[in-house]
Trainee: 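Can you keep this structure in mind? I'll have questions shortly.
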Amino acid sequence: MHGIKRPRSIGFGVLIVLMGVQAWLVHSPHTADFFSRAALLELSLVPILLAIWIAIRATRSTQTYIRALQAEAKRSEQAATRLKWHATHDSLTRLINRHEFKERVQRLCQQTTLDGSVHALMVLDLDQFKTVNDSCGHHAGDMLLRQLAQYLKKNLRASDTLARIGGDEFGALLPMASTQEAQRVAQVIRQEVNEFRFYWRGQIFEIGVSIGIASINREQNNYHEILNTADRACYLAKDAGRNQIRALNACSKLVEQSRSDAHCLQELPRAIRENRLELHAQEIRCVSDAVEKEPHRHYELLVRMRSLAGELVEPSRFIPVAESYGLAMEIDRWVVRSALQWLDENRCRGHHCPQSEASSTCEFSINLSGQSVSNPQFLREVLEMFDNSSVDPHQVTFEITETAVVSNLELAQDFILQLKSLGCRFSLDDFGSGMSSFGYLQDLDVDYVKIDGSLVKKVAKGGLENAMIDAIIHVARHKHARTVAEFVEDDLTINWLRSAGIDFIQGFIVHRPTPLTSLQPCVAANEEVTQLSFAM
């Protein structure tokens with residue numbers, strides 16, 4: 001604006017001066033001596049021409065200013081449009097982002113509350129995305145996401161919304177679509193993705209997708225509830241072998257379980273900090289005449305959790321959650337530390353063993369998760385705990401499962417080797433639950449083989465499980481390992497197991513778990529097995 005005012009002001013100033021000079025010349029008595037009337041007339045045209053010039057310049061300046069304002073307004077509008085676009089879209093895939101996806105889902109939730117309409121929401125999780133990222137780098141992963149985003153979008157209706165809601169996770173919103181219609185769309189998408197090939201510098205990758213579906217209706221019209229349901233369905237699709245489709249509703253038992261898991265996930269770290277975990281002990285009893293009767297008892301330590309209300313929470317409720325969300329090692333650390341501390345404090349009390357010997361003659365089994373067995377830092381911590389304790393390592397048996405071994409065989413072997421050199425024993429738990437059980441038994445130096453309870457529970461039926469148990473006992477004996485049968489519940493099972501050559505049994509018929517702090521002997525270690533049914 002100042003650029004327009006300056007020439008205009010100067011021009012008007014010059015015009016006023018010229019008009020003043022002209023007026024003086026016209027009225028001055030001496031003017032005729034110097035100028036003729038014709039010259040004065042020509043001189044009078046100068047201010048007029050100058051005024052015209054000033055008007056033209058001012059008009060042009062005003063037009064230039066208006067164009068500048070229009071250009072600035074257009075740039076501001078474009079900047080606002082870009083800002084709004086980035087606020088609602090993912091810059092990598094150019095799809096709707098999670099925030100905008102939430103807004104659209106919430107609008108449909110409001111709509112279904114008013115008119116009872118039904119819609120569907122899908123969560124799509126890529127199955128082999130990590131393979132591309134790890135082998136080719138994040139640049140390749142980004143390229144894959146860009147290509148696949150457009151590939152997925154073409155299989156949806158114009159009214160549908162496809163969004164990127166996570167790293168390799170997409171969300172699809174299907175207005176006016178039932179669960180059955182959403183499943184048909186999901187099936188088309190799954191098939192298309194199966195046929196999709198990603199090419200990167202001479203390499204070809206095949207991608208799969210797991211899809212979870214949730215319905216939006218009057219009974220289920222909360223965004224978080226709907227998304228959690230679809231997430232849970234997607235998790236089940238992955239758990240079923242990946243590249244699958246699953247649909248759930250908010251009232252299903254699986255969703256209720258998911259909510260329970262979420263509550264447990266919040267409660268568990270706090271329970272560990274507040275020392276609300278407890279150790280219970282269950283006896284493992286020798287029943288074999290081939291095994292030299294030992295004067296001490298063998299117990300398995302079982303962890304329990306107290307809720308804020310003081311109720312006892314069974315491990316089946318919080319252990320799977322801990323393993324799924326990376327908290328299992330925290331529990332294992334607490335269990336090992338607490339067990340060693342109890343043994344250290346009670347090793348001189350004679351009433352813990354039936355022969356009035358010190359509790360140092362008792363042997364305790366401690367369960368460890370795969371996360372702990374495959375973590376070198378946890379191994380160092382356990383070794384340090386033994387260094388700081390007077391507990392005899394021969395008292396401690398660590399139980400590990402096949403799944404713990406599968407995660408990293410080399411680290412599991414090192415874990416066993418170092419603690420066995422210290423004096424600890426090892427038991428391979430849940431043996432027979434997997435097809436590769438005997439292969440892992442050959443690779444691991446264990447002292448006990450604990451037969452999976454799912455086999456033991458079916459002994460009374462006399463099926464294929466009995467033959468499997470016979471084979472396990474035979475192979476374990478060849479490896480100089482003792483065998484333990486868990487979940488023993490009746491005398492018929494006990495008699496068959498004894499005839500098969502089992503060394504130890506464990507179950508409610510032998511001993512019900514009791515708090516470690518109140519541990520008392522049940523019956524003498526060398527009592528007849530026929531008396532076990534009275535030990536409940």
Trainee: How far apart are the closest heavy atoms of Ser288 and Ile502, and which atoms are they?
Mentor: CB-O, 3.3 Å
Trainee: Test Ser372 against Asn375 for side chain to side chain donor-acceptor pair (under 3.5 Å), laying out the working first.
Mentor: CA-CA 5 Å; Ser372 300; Asn375 191 307; over 6 Å; no
Trainee: Are a donor atom and an acceptor atom from the side chains of Asn194 and Glu206 found within less than 3.5 Å of each other?
Mentor: no
Trainee: Under the side-chain contact (heavy atoms from CB on, under 4.5 Å) rule, collect the residues that match up with Asp445, sequence neighbours excluded.
Mentor: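 By the side-chain contact (heavy atoms from CB on, under 4.5 Å) rule, Asp445 matches Lys420.
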Trainee: Do Val132 and Phe198 pass the side chain to side chain contact (heavy atoms under 4.5 Å, CB included) test, and can you show the C-alpha distance, the side-chain angles, and the key distance before you say yes or no?
Mentor: CA-CA 9 Å; Val132 177; Phe198 177 64; 3.8 Å; yes
Trainee: With Lys457 as the cation and Phe487 as the aromatic partner, state whether NZ or CZ is under 6.0 Å from the six-membered ring centre and within 45° of the axis.
Mentor: yes
Trainee: Tell me whether Glu330 is salt-bridged to Arg333, with the criterion being a basic N under 4.0 Å from an acidic carboxylate O.
Mentor: yes
Trainee: Would you please name every residue forming a side-chain contact (heavy atoms from CB on, under 4.5 Å) with Asn388, sequence neighbours left out?
Mentor: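 Counting only residues at least two positions away or on another chain, Asn388 forms a side-chain contact (heavy atoms from CB on, under 4.5 Å) with Glu384.
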Trainee: What are the two closest non-hydrogen atoms of Phe508 and Glu489, and how far apart are they?
Mentor: CB-OE1, 3.5 Å
Trainee: Between Asn97 and His89, what is the shortest heavy-atom contact and its length?
Mentor: ND2-N, 3.4 Å
Trainee: Name the residue from Asp430, Ile451, Ile505 that meets the side chain to side chain contact (heavy atoms under 4.5 Å, CB included) definition with Glu486.
Mentor: Asp430
Trainee: Just by distance, do the side chain of Thr493 and the backbone of Val488 share a donor-acceptor pair under 3.5 Å?
Mentor: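 No.
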Trainee: For residues Ile189 and Met122, determine if any side-chain heavy atom of one lies less than 4.5 Å from a side-chain heavy atom of the other.
Mentor: yes
Trainee: Side chains of Thr93 and Asp90 only: does a donor on one sit below 3.5 Å from an acceptor on the other?
Mentor: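 Side chains of Thr93 and Asp90: pair found under 3.5 Å.
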Trainee: For the atom pair NE2 (His478) and CD1 (Ile473), what is the distance rounded to the nearest 0.5 Å?
Mentor: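 The distance works out to 16.0 Å.
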Trainee: Report the distance from atom OG of Ser338 to atom CG of Asn275, rounding to the nearest 0.5 Å.
Mentor: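 So the gap between those two atoms works out to 6.5 Å.
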Trainee: Got a second to check how far Leu409's CG is from Leu444's CG, nearest 0.5 Å?
Mentor: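 Separation between the atoms: 6.0 Å.
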Trainee: Examine the side chains of Asp429 and Thr401 and answer whether a donor and an acceptor come within less than 3.5 Å of each other.
Mentor: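 No pair is found: no donor N or O on one side chain lies under 3.5 Å from an acceptor on the other.
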Trainee: Less than 4.5 Å apart, side chain to side chain, heavy atoms only: is that true for Glu300 and Asn367?
Mentor: yes
Trainee: Looking just at side-chain N and O atoms, do His298 and Ser365 make a donor-acceptor pair shorter than 3.5 Å?
Mentor: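 A donor-acceptor contact under 3.5 Å links the two side chains.
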Trainee: Could you go through the side chain to side chain contact (heavy atoms under 4.5 Å, CB included) check for Val303 and Phe318 one step at a time?
Mentor: CA-CA 10 Å; Val303 65; Phe318 65 88; 4.1 Å; yes
Trainee: Begin from the C-alpha positions of Thr397 and Phe426 and carry the test side chain to side chain contact (heavy atoms under 4.5 Å, CB included) through to its verdict.
Mentor: CA-CA 5 Å; Thr397 297; Phe426 275 84; 5.6 Å; no
Trainee: More than 12 non-hydrogen atoms from neighbouring residues, nucleotides or ligands closer than 6.0 Å to CZ on Phe205, yes or no?
Mentor: yes
Trainee: What are the two closest heavy atoms between Ile207 and Gln128, and how far apart are they?
Mentor: C-OE1, 3.6 Å
Trainee: Would you say that more than 12 heavy atoms from the other residues, nucleotides or ligands in this model lie under 6.0 Å from the CD of Glu314, or not?
Mentor: yes
Trainee: Could you tell me whether the side chain of Leu301 reaches within less than 4.5 Å of the side chain of His280, counting heavy atoms only?
Mentor: no
Trainee: List for me each residue that meets ring pair (Phe, Tyr, Trp, His ring centres under 6.0 Å) alongside Phe170, sequence neighbours excluded, and say none if there are none.
Mentor: none
Trainee: Are any non-hydrogen side-chain atoms of Gln418 and Leu383 less than 4.5 angstrom apart?
Mentor: yes
Trainee: Would you say the side chain of Val382 lies within less than 4.5 Å of the side chain of Phe378, judging by non-hydrogen atoms?
Mentor: yes
Trainee: Using a 3.5 Å cut-off and no angle test, enumerate the donor-acceptor pairs between side-chain atoms of residues 137-147 and protein atoms at least two apart in sequence or in another chain.
Mentor:
from: His138; atom 1: ND1; to: Asn133; atom 2: ND2; distance (Å): 3.4

Trainee: Measure the spacing between CZ of Arg482 and CD1 of Ile284 and express it to the nearest 0.5 Å.
Mentor: 12.0 Å
Trainee: What I'd like to find out is whether the side chain of Val287 reaches to under 4.5 Å of the side chain of Phe504, using heavy atoms alone.
Mentor: no
Trainee: Partners of His474 by side-chain contact (heavy atoms from CB on, under 4.5 Å), sequence neighbours excluded?
Mentor: none
Trainee: When rounded to the nearest 0.5 angstrom, what is the spacing between CG in Leu148 and CZ in Phe129?
Mentor: 9.5 Å
Trainee: May I ask you to establish whether Arg98 and Phe101 are in a cation-pi arrangement, using a distance under 6.0 Å from NZ or CZ to the six-membered ring centre and at most 45° from the ring axis?
Mentor: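 Verdict for Phe101: no cation-pi partner in Arg98.
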Trainee: Please step through salt bridge (charged side-chain N to carboxylate O under 4.0 Å, His left out) for the pair Arg164 and Glu169, ending with a clear verdict.
Mentor: CA-CA 6 Å; Arg164 185 187 179 199; Glu169 193 175 55; over 6 Å; no
Trainee: Within the distance-only criterion (no hydrogens, no angle test), does the side chain of Arg425 pair as donor or acceptor with the backbone N or O of His394 below 3.5 angstrom?
Mentor: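 At least one qualifying donor-acceptor pair exists.
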Trainee: Using the six-membered ring wherever Trp is involved, compare the ring planes of Tyr299 and Phe364 and label them parallel, tilted or perpendicular (cut-offs 30° and 60°).
Mentor: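 Tyr299 and Phe364: parallel rings.
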Trainee: Between Ser374 and Gly370 (side chain of the first, backbone of the second, donor and acceptor by atom type, cut-off under 3.5 Å), is there such a pair?
Mentor: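 At least one qualifying donor-acceptor pair exists.
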Trainee: Tell me the closest heavy-atom pair linking Ala233 and Gly212, and the distance in Å.
Mentor: CB-CA, 3.6 Å
Trainee: If the threshold is 4.0 Å, N to carboxylate O, is there a salt bridge linking Arg276 and Glu267?
Mentor: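 Yes.
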Trainee: Please confirm whether the backbone N or O of Leu340 pairs with a side-chain atom of Asp344, one donor and one acceptor, at under 3.5 Å?
Mentor: no
Trainee: Once rounded to the nearest 0.5 Å, what's the spacing between atom CG of Asp470 and atom CD of Glu465?
Mentor: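 Between Asp470 CG and Glu465 CD, I get 12.0 Å after rounding to 0.5 Å.
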Trainee: Could you pull out all residues at least two apart from Asp127 that satisfy side-chain contact (heavy atoms from CB on, under 4.5 Å)?
Mentor: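 Ser210, Lys238, Arg242, Asn243.
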Trainee: Checking Asp503 side chain against Thr483 main chain: does a donor-acceptor pair fall under 3.5 Å?
Mentor: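 Confirmed, Asp503 side chain pairs with Thr483 backbone.
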Trainee: Just do the side chain to side chain donor-acceptor pair (under 3.5 Å) check on Gln282 and Gln506 with the steps written out, would you?
Mentor: CA-CA 8 Å; Gln282 184 179 34; Gln506 180 182 3; 3.0 Å; yes
Trainee: Heavy atoms, side chains only, cut-off 4.5 Å: are Arg380 and Pro376 in contact?
Mentor: yes
Trainee: Using every non-hydrogen atom in the two residues, find where Leu419 and Phe398 come nearest and quote the distance to one decimal.
Mentor: CD1-CE1, 3.8 Å
Trainee: Indicate yes or no: at least one non-hydrogen side-chain atom of Ile366 is less than 4.5 angstrom from one of Val336.
Mentor: yes
Trainee: With a 4.0 Å cut-off on N to O distance, would you call Glu311 and Arg306 a salt bridge?
Mentor: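 Salt bridge: no.
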Trainee: Does the pair Asp125 and Asp168 meet the rule for a side chain to side chain contact (heavy atoms under 4.5 Å, CB included), with working shown?
Mentor: CA-CA 6 Å; Asp125 197 321; Asp168 61 341; 3.6 Å; yes
